[in-house]
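Reviewing the structure listed below.
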Amino acid sequence: MIMGMEKGKRKIINKLLDEIKRGKEESIISLYKIISPTLRYIALKYLKNEEDANDLIQDFWYDIKKYASNYIFKMNAYGYLCKIMNRIAINKYNKIHREIKKQIEFVDY
């Protein structure tokens with residue numbers, strides 16, 4: 001097992017991502033059912049706010065075809081998708097905190 005994902009599910013995720021890359025859009029729904037709880041966990045881990053996490057998850061699924069087209073099929077698709085969500089969650093976290101810092105700096109005492 002890698003990161004809580006059994007080998008059979010990893011193979012299914014690899015297959016689904018390949019199908020998405022080849023234009024089979026119905027595979028997006030199947031992939032969503034398998035991996036969405038993990039991606040939601042990652043988003044919430046960084047953002048700690050359900051609304052921001054939901055926005056991030058929506059953006060992720062909006063771009064899933066782009067992620068599939070960039071995927072090299074010698075890799076682990078589960079790890080690849082988790083790494084993408086991890087990276088965009090960290091970027092969103094940093095953006096939110098930069099904005100908060102700017103707001104604090106502009107407060108007129």
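Side-chain contact between Ile20 and Glu25 is absent, with no heavy-atom pair separated by less than 4.5 Å. Side-chain atoms of Thr38 and Cys82, non-hydrogen and from C-beta on, do get closer than 4.5 Å to each other. In this structure the side chain of Leu31 reaches within 4.5 angstrom of the side chain of Trp61, judged on heavy atoms. At least one side-chain heavy atom of Met85 sits less than 4.5 Å from a side-chain heavy atom of Leu56. With contacts defined as side-chain heavy-atom distances shorter than 4.5 Å, the pair Glu19/Ile28 does not qualify. Residues Leu16 and Lys24 have side chains not in contact (no heavy-atom distance under 4.5 Å, counting atoms from C-beta outward).
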Working for side chain to side chain contact (heavy atoms under 4.5 Å, CB included), residues Lys15 and Arg10: CA-CA 9 Å; Lys15 178 180 173 269; Arg10 286 186 300 160; over 6 Å; no
Stepwise side chain to side chain contact (heavy atoms under 4.5 Å, CB included) test for Arg87 and Ile84: CA-CA 5 Å; Arg87 176 54 33 211; Ile84 290 171; 5.8 Å; no
Residue pair Tyr78, Asn14: steps toward the side-chain hydrogen bond (donor to acceptor under 3.5 Å, both in side chains) verdict: CA-CA 7 Å; Tyr78 173 74; Asn14 283 344; over 6 Å; no
Audit row: Tyr93, Asp52, side-chain hydrogen bond (donor to acceptor under 3.5 Å, both in side chains) steps and yes/no: CA-CA 9 Å; Tyr93 172 86; Asp52 290 336; over 6 Å; no
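With a 6.0 Å radius and a threshold of 12 heavy atoms from other residues, nucleotides or ligands, Lys45 has its NZ atom above the threshold. Residue Glu51 places its CD atom among 12 or fewer non-hydrogen atoms of other residues, nucleotides or ligands, all under 6.0 Å distant.
Atom CD1 of Ile35 sits about 13.0 Å away from atom OG of Ser30, to the nearest 0.5 Å. Rounding to the nearest 0.5 Å places CD1 of Ile29 at 12.0 Å from OG of Ser36. Taking CZ of Phe60 as the reference point, atom OH of Tyr32 lies at 11.5 Å (rounded to 0.5 Å). Note that NZ of Lys92 and CG of Leu47 are 7.5 Å apart. Values are rounded to the nearest 0.5 Å. One finds the CG atom of Leu39 at 11.0 Å from the CG atom of Leu44 (value rounded to the nearest 0.5 Å). Summarising the geometry, atom CD1 belonging to Ile13 is positioned 13.5 Å from atom CG belonging to Asp18; distances are rounded to the nearest 0.5 Å.
Tyr80 and Tyr67 have their aromatic ring centers separated by at least 6.0 angstrom.
Scanning both residues, Ala43 and Ala89, for their nearest heavy atoms gives CA-CB, 4.4 Å.
Side-chain atoms of Lys21 come within 3.5 Å of backbone atoms of Tyr71 as a donor-acceptor pair (strictly under, hydrogens ignored).
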